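All figures in this text were calculated on a predicted structure; none of them were measured in a lab.
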Amino acid sequence: MKIILLVEGDPEKEVLPGFLQRWLAGKVDPLPAIKAVNTRGCDNHIKECATKARLHLAAPDVLAVFGLLDLHGPKNIPAHCTSIKDKCDHLRQRRENENARSVAAPGVLPRIPISTRAPPQPAPLTWSRPAARPPAAARRRRKA
């Protein structure tokens, strides 16, 4: 299982997965993998968040997708938005407008039932039966 983070820049992509892994350690068992996806800036993040979330949620091993946007990145916040609450409300409304445009009709995104059961545990590895090696093409790609 894995969690996808949609972030707006390289610093967030490098720092957040490790930070969340350390924070979740001991609180969640088994610990999910956390993958950050850089959306390359605030405007792209707002425009592409719904589309990228839909694509990632289609994968069977994705547990959740979160979009993270900081308040210092956007350069086109109106002057009347001076407080943090005003900035959040403006960005939330802008994101919802973009999401409404990207989803053609109600029901396009499937409702996913949330299970409270733990996912099945993988079979333990034993020394008498080692894990299979990756295909030769994958080994060559890693060396390159």
Just jot down the side-chain contact (heavy atoms from CB on, under 4.5 Å) partners of [X], sequence neighbours excluded, or say none.
{"X": "Lys2", "value": "Ile4, Ala33, Asp61, Val62"}
{"X": "Pro78", "value": "His80, Cys81, His90"}
{"X": "Ile34", "value": "Ile3, Leu5, Pro17, Leu20, Gln21, Leu24"}

Checking Thr39 side chain against Leu6 main chain: does a donor-acceptor pair fall under 3.5 Å?
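No, the answer is negative, given that no donor and acceptor are paired below the 3.5 Å cut-off.
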
So, taking the atom named CG in Leu16 and the one named NZ in Lys35, what distance separates them when rounded to the nearest 0.5 Å?
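If we round to the nearest 0.5 Å, Leu16:CG and Lys35:NZ are 15.0 Å apart.
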
If you measure from CD on Glu48 to CG on Leu55, what distance do you get to the nearest 0.5 Å?
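Rounded to the nearest 0.5 Å, the CD-CG separation comes to 10.0 Å.
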
Run the salt bridge (Lys or Arg N to Asp or Glu O under 4.0 Å) test against [X] and tell me which residues pass, sequence neighbours left out.
{"X": "Lys85", "value": "Asp89"}
{"X": "Glu12", "value": "none"}
{"X": "Lys13", "value": "none"}

Look at the side-chain heavy atoms of Ile, Leu, Val, Met, Phe, Trp and Tyr, link any pair under 4.5 Å apart, and say whether Val15 and Val37 land in one connected group.
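Different clusters: Val15 never reaches Val37 through Ile, Leu, Val, Met, Phe, Trp or Tyr contacts under 4.5 Å.
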
